[in-house]
Amino acid sequence: MRRGPSLFNVTAVALGLAFLYLPIAVLVIYSFNASRLVTIWGGWSLHWYRALMQDTAMVQAAWQSLRIAALSATAATVLGTLSAVALTRYGAFRGRLLFSGMVYAPLVMPEVITGLSLLLLFVALGIDRGFWTVAAAHTTLTMCFVTVIVHSRLVGFDRGLEEAAMDLGCPPLRTFLTITLPLIAPAIAAGWMLAFALSLDDLVIASFTTGPGATTLPIRIYSEVRLGVKPEVNAICTIMIAIVAFGTIVSSLLAKRGAVRREREAALGAAV
Amino acid sequence: MTIGQAKRSWSARFVVLIPYVWLLALFLAPFAIVAKISLSQTALAQPPYQPLLDLAAGWHGLKDFAAHLSFDNYAMLGSDWLYWLSYLKSLQVAAISTIILLIIGYPMAYGMARASRRLQPMLVMLVVLPFWTSFLIRVYAWINILQHDGLLNEALLRLYLIDAPVAWLASDTAIYIGVVYSYLPFMVLPLYATLEKMDHTLLEAAADLGCPRWKSFWRVTVPLSLPGVAAGALLCFIPICGEFVIPDLLGGSETLMIGQTLWTEFFSNRDWPVASAIAVALLGLLLVPIVFYERLQQRAIEGTR
Amino acid sequence: MAGGAADKPVLVRFDGVVKRFGVVTAVDRVTLDIAQGEFFALLGPSGCGKTTLLRMLAGFETPSEGEILISGHEISAVPPHKRPVNMMFQSYALFPHLTVEGNIGFGLRQEKVGRAEIAVRVEDMLALVRLKGYGKRRIDQLSGGQRQRVALARALIKKPRVLLLDEPLAALDKKLRAETQFELMELQRKLGTTFVIVTHDQEEAMIVADRIAVMDQGRLAQVGKPSEIYERPNSRWIADFIGEVSLIEGTVSQTDTIATALGPLLIEESAAKAGDKVCLALRPEKIRLSEQRPAGLEINALAGTVHEIGYRGDISLYKVRLADRSLMKVALANIGGPPPFAVNDVVWLSWAPTAGVVLTR
């Protein structure tokens, strides 16, 4: 028999989650504060959201960030998926050790180092810094996260399915497109979303690799935050949290609905 | 890999080559450049260092270039106490934070692994969710709480636990809070992954053989979760060492962490060679844990095959 | 290897096939013919190389040495998707994102067969495997037995020259497995397709197959009809691997006698020369068991005490301890109810000279 969680287990999880969510809750609540002062509650208000809309620099930075995130997440998803396929499917190829090292190192590499090294590369090559350099840097950073996610799905993938397709006359490339890809699609989608979120979030690497006219949202927020708490910043943070929460909840609900439907149909199938 | 082994097709080469070339160009090559610039001198020029490698000058240019390289920057790093303190501070913050993270994260991951199967995906999502929201936002959220007239002081004053507001911000305490808060999911998730995978019958076997509950926790659960502990600890320790945002926003100005020092040298002093030397030294410091982490990853992959 | 491929034309030929994985030799110089329309079984313990041999035929592995021919054409260079063989996988490998129809019709879609024709042929296949009305189901809505039949239909729809079955019944429970074995045989007779099955279950191989190749450590140990392999094993290993057997070591003294620790034993005349070290293999059901010494038998009659009785319902397997302390297995059909002997009873064992097989290897 599996024993249920003890009181200690429940407390540990509850306190941990409270620790994770309390500061975010505070931030969200105070974004609706009518008063400028943090300690004084001046009643509910959307004042700071209106102020935010008029802050063209902030809005522009947000737009810039979204474009970079969309581009780099897409590129990272392609590269990361290819790496994952290479790592799972091509056993020992020449330079595999170096390759897997390079794939996993960015996961733990301090951002200041990655940022500095990429900047020096762009300078050495004489590339003008801006939108494209940030996007390239973010692609490099986030592709390893995509690789990890897709790789774990591919490892658990029944190779027999691909062999069966080929056995039935499906050439390798089409097998990948019609069998493998649909089945690992959820992992690829999750990888894209994570890459998008990480790109949207990054301050350090963007600070190094950006140039004039390509201020991203985190850089903008950072320069505001250094000067202390601002209710407008609370507001934009709340918007970002809402977007992330919405995206996560919708995707998990979709996944869950699919699972429930499958379960119900399976029960039906067994009964017949 | 057996399919198409006879002739590794062009498509297979393609699959490996594209990400490989990308990583070589944008991950490995930049390190070589960092290493090279760390051996250069600061110059009032654009780019602000010399010598510049002039490949057009051929062999002579290369020799000229090599002759001008120097270890002065590293000598300076070694002789200036500022840098030593900065390194030590980084190690201290990373080590202490990792220990606190383990103390908070282990019971949490253990509790999650013991929760009912239906609840577990939900709990994992709750731990992952903050990780999806901006790092910057999460650090910033603590400023709301920790600042002089922030909520923490307010609450403590109301409870008569303190007489006057405490300066939480700009202190090591604030750094620890921020680091532990930001990195908690990185610690909990690998721990949970190993604890959740653990065969429950092992504990039953231990009980069957006369091992009391608390003892089987220490003799069975903990040893089996060590790979998760190592993964979580490294996943936290290594990036914390180079952390910039958290100490910059929450910490004080007396002793900087190495990430801040690098940032300052680069952005404020525009001393690219010294910043590069710091990066190389930091990388050298982290090489052992990074290699260890990679080994762990590799073994995890082989294990799941 | 002869083994009686007999009159039918050869369809598949393995010629000196070797497969190495690094330092391990999984398949070692296998030369084997499989005839047109045959139900052929590759049998052996796990790791003997039987699955590797099958996968080389399917094209998932490439031989390190040797040739594989189908209808006289060398196929080593042909990729799996262009080979005229189809495989039923041990895990079934049904595509979870496709319906039953989608799975069964998959192979035809690869050949750009028209939609209407695919629909017709899928329906035919569904009828053949008794899954009519299940076409729109998804794979996770099927039971294990139904999945097995979908996998079979999917592999058969392209009318392959050879159908490969990799442990096709391993996932089914015992009762269903027995039924399905007969279904497979019936199907094979009906279609006339050459079937090559890989199994580790000797009983299954003997029931379904026309001929069996027994493999051991990558080599062919014996190839032949099930009865040949059971009745005329060519080595101690085969005799021991297939069914129950008692082995008695001895030396040939005359062409029809061997000297053993139990005294001289009469054998069928064999090619063995006097002085050869041989081994007499005796199947348990070929030995008679009696209370008294059988009258008129001077030789091939030994006394012993019952050591153990394994009651199996239809038969009982006795282990009888002989004078030299060795144990001999005797099977007795329980025709008259429960076993007539008890442990420690003194019994007599006897057999005809033709009952044993003299093994030199």
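To find a chain, count down the sequence lines: A is the first, B the second, and so on, and within it residues start at 1.
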Margin query: Between A:Thr139, A:Thr11, A:Val28, A:Thr147, who has the most heavy-atom pairs with chain B when the cutoff is under 4.5 Å?
Written below: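 Of the options given, most contacts go to A:Thr139.
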Checklist line | Partner chain B: residue of A:Leu203, A:Thr81, A:Leu118, A:Val85 with the largest heavy-atom pair count (under 4.5 Å) | finding: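 Max contact count across the listed options: A:Leu118.
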Could you tell me whether the side chain of [Y] reaches within less than 4.5 Å of the side chain of [X], counting heavy atoms only?
| X | Y | answer |
| --- | --- | --- |
| B:Pro30 | A:Leu120 | no |
| B:Leu283 | A:Met109 | yes |
| B:Arg114 | A:Phe8 | no |
| A:Phe122 | B:Ile33 | no |
| B:Pro19 | A:Phe99 | yes |
| B:Leu28 | A:Leu98 | yes |
| B:Ser276 | A:Leu116 | yes |

[X], part contacting chain B, at a heavy-atom distance under 4.5 Å:
| X | answer |
| --- | --- |
| A:Met240 | side chain |
| A:Leu119 | side chain |
| A:Met193 | both |
| A:Ser207 | both |

Side-chain donor-acceptor pairs of residues 13-24 of chain A under 3.5 Å, sequence neighbours excluded:
unit_1, atom_1, unit_2, atom_2, d
A:Tyr21, OH, B:Leu126, O, 2.5

Given heavy-atom pairs under 4.5 angstrom as the criterion, report whether the side chain, backbone, both or neither of [X] touches chain A.
| X | answer |
| --- | --- |
| B:Leu23 | both |
| B:Val180 | both |
| B:Phe244 | side chain |
| B:Ile143 | both |
| B:Val291 | neither |
| B:Ile258 | neither |
| B:Ile290 | side chain |
| B:Tyr106 | neither |
| B:Ile18 | both |

Check: Could you give the distance from OG (A:Ser6) to OH (B:Tyr110), rounded to the nearest 0.5 Å?
Finding: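 If I round to the nearest 0.5 Å, the distance is 7.5 Å.
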Margin query: As an exercise, state the distance from CG of A:Leu79 to CH2 of B:Trp22, rounded to the nearest 0.5 Å.
Written below: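 Reported value, rounded in 0.5 Å steps: 6.0 Å.
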Check: Any chance CE of B:Met125 has more than 12 other-residue heavy atoms, nucleotides or ligands included, within less than 6.0 Å?
Finding: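 Yes - once you tally the heavy atoms of other residues, nucleotides and ligands closer than 6.0 Å, there are more than 12.
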Margin query: So for atom CZ, which belongs to B:Phe292, do other residues, nucleotides or ligands contribute more than 12 heavy atoms lying within a distance under 6.0 Å?
Written below: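 No - once you tally the heavy atoms of other residues, nucleotides and ligands closer than 6.0 Å, there are 12 at most.
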Notebook entry, point to check: Does the ring center of A:Tyr222 lie less than 6.0 Å from the ring center of B:Tyr140?
Noted result: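 Between A:Tyr222 and B:Tyr140, the centre distance exceeds or equals 6.0 Å.
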Checklist line | Aromatic centroids of B:Phe266 and A:Phe208 separated by under 6.0 Å | finding: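 Centroid distance A:Phe208-B:Phe266: below 6.0 Å, so yes.
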Picking from [options], which has the most non-hydrogen pairs under 4.5 angstrom with chain A?
| options | answer |
| --- | --- |
| B:Ile238, B:Val34, B:Ile37 | B:Ile238 |
| B:Val188, B:Asp248, B:Leu235 | B:Asp248 |
| B:Phe31, B:Phe237, B:Phe186 | B:Phe31 |
| B:Leu123, B:Ile104, B:Ile137 | B:Ile137 |

Minimum heavy-atom distance between [X] and [Y], given as atom pair plus value:
| X | Y | result |
| --- | --- | --- |
| B:Leu26 | A:Ala136 | CD2-CB, 4.2 Å |
| A:Asp201 | B:Leu136 | OD1-N, 3.6 Å |
| A:Val112 | B:Gly242 | CG2-O, 3.5 Å |
| B:Leu286 | A:Pro110 | CD1-CG, 3.4 Å |
| B:Ala25 | A:Leu121 | O-CD2, 3.6 Å |
| B:Ala279 | A:Ile113 | O-CD1, 3.8 Å |

Margin query: Could you work out, with side-chain hydrogen bond (donor to acceptor under 3.5 Å, both in side chains) as the rule, every residue matching A:Ser199, not counting sequence neighbours?
Written below: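 Scan of A:Ser199 (side-chain hydrogen bond (donor to acceptor under 3.5 Å, both in side chains), adjacent residues dropped) gives A:Ser72, A:His138.
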